[in-house]
Amino acid sequence: MSNKIWLSSPHMSDNHLEIDYINKAFDTNWIAPLGKNVDDFEKEICLYTGSKEAVALSSGTSAIHLGLKALGIKKGDKVACQSFTFSASANPILYEGATPIFVGSEEDTWNMSPALLEHALKENNDIKVVIVVNLYGISAKLDEIRSICNKYDVKLLEDAAESLGTFYKGKSTGLYGDVGIFSFNGNKIITTSGGGMLVTNSKEIRDKVQFWATQSREPYLHYEHEEVGYNYRLSNILAGVGIGQMKVLNDRVKRKRRIHELYSEEFKDVEVIKVHTAGPDDYANYWLTCLVFSSSDLRDKVLSYLKTYSIESRPLWKPMHLQPIFEEYAYYGEDVEVELFENGLCIPSDTKLSDKEIKFVAKKIKEVCNDGSNI
Ligand SMILES: *Cc1c(COP(=O)(O)O)cnc(C)c1O
């Protein structure tokens, strides 16, 4: 096998349906900035997730940014954020001059621990918004997190960038928050090359976010501005790619779940490996299959061995409270995610990989585990 095996890479539909929607944009000269594809992509997301409203934006990060603004975050406010995540969950807190407070993870879902969140909220009665993340496509305990937020009267922003297609207790992820966000970056379960979506049941939030995202133009003939504006809208061309990708989303989820199942079978008797698996309430999209090894030494050996076969693998997210940019901020946690960062690995979960290739990756990993000292 000479081709590189990727963690997760863009996978267009077999018939290239995406091109049809791009062509429609050309045919009608609806290339920029907005148009029918953007409206239709938003509608498709509402239909799929059950959200009342959606706004297509240029990235998941811009969706988090405007989501925080819509939930009232201003300079000096406190935002509780899951520590175990990609930095894009937390950076927008700093864009607004607000203060992050990091919350640790629980063992089973790897996401924000409800108990630790409650601890942080008890000690900081001025937290305004909580950002929870569904890492690697596995849900947090979203109902528990939601009811804690209700109890303490704080808003919830659900970073579902990695979990489109994941349903927790029968309800789409992204919908447990007052605001939810999805990402269509190149490595996500479906992609527009770059893009994001904000979902909410509030028409008021929807309208406000769209207004900010299109330069905060007041309704005058001339350009009148009373608020800071952003150029955050998704282009009509990319929205066309998104509509095409929505047609294959369920196929992608099925394939990711099958890949996870194949790995689970391959590693079921390997004592030094634990495959991260969703709980019974969670229909996970398994965006990336993740492993935890019995030691960081073994993890490192596996990573470099895979590399010699051009197989991409990567450590899990480095927790935000350990990042130099965020080290000055408070952390309420038990370092569960620190151990995961040290011992964990994301392995190839690309939907273009065949069963044979997945088994090849598993075989290479097992070679290291069965004879770790000699490689
Ligand atoms: C990818 C990702 C984002 C950011 O999305 P972009 O579309 O790349 O801006 C935010 N949060 C998490 C958890 C992500 O994985």
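Atoms within a ligand are numbered from 1 in the order they appear, just like the ligands themselves. Fair warning: this is a prediction, and the values are worked out from it, not measured in the lab. All residue numbers refer to positions in the sequence shown, counting from 1.
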Salt-bridge present (Glu265, Lys268; N to O < 4.0 Å): no
Proximal candidate to atom 1 (C) of ligand 1 [heavy atom criterion; set Gln82, His65, Met197, Lys188]: Lys188
Ser59 contact mode with ligand 1 (heavy-atom cut-off under 4.0 Å): both
Protein residue, atom and distance nearest to atom 5 (O) of ligand 1, heavy-atom basis: Ser183 OG, 3.3 Å
Identity and separation of the nearest protein heavy atom to atom 11 (N) of ligand 1: Asp159 OD2, 2.7 Å
Salt-bridge present (Arg255, Asp251; N to O < 4.0 Å): no
Ligand 1 N/O within reach of Gly60 N/O, cut-off under 3.5 Å: yes
Min N/O separation Thr85 to ligand 1 under 3.5 Å: no
Between Trp317 and Phe86, ring centroids under 6.0 Å: yes
Gly196 to ligand 1, any heavy atom closer than 4.0 Å: no
Sub-6.0 Å ring centroid separation between Phe184 and Phe41: yes
Worked check of side-chain hydrogen bond (donor to acceptor under 3.5 Å, both in side chains) between Tyr332 and Asn124: CA-CA 11 Å; Tyr332 292 84; Asn124 299 270; 3.0 Å; yes
Close approach of Ser62 to ligand 1, heavy atoms, under 4.0 angstrom: no
Partner of His321 by ring-ring contact (aromatic ring centres under 6.0 Å, His included), out of Tyr331, Tyr329, Phe102: Tyr331
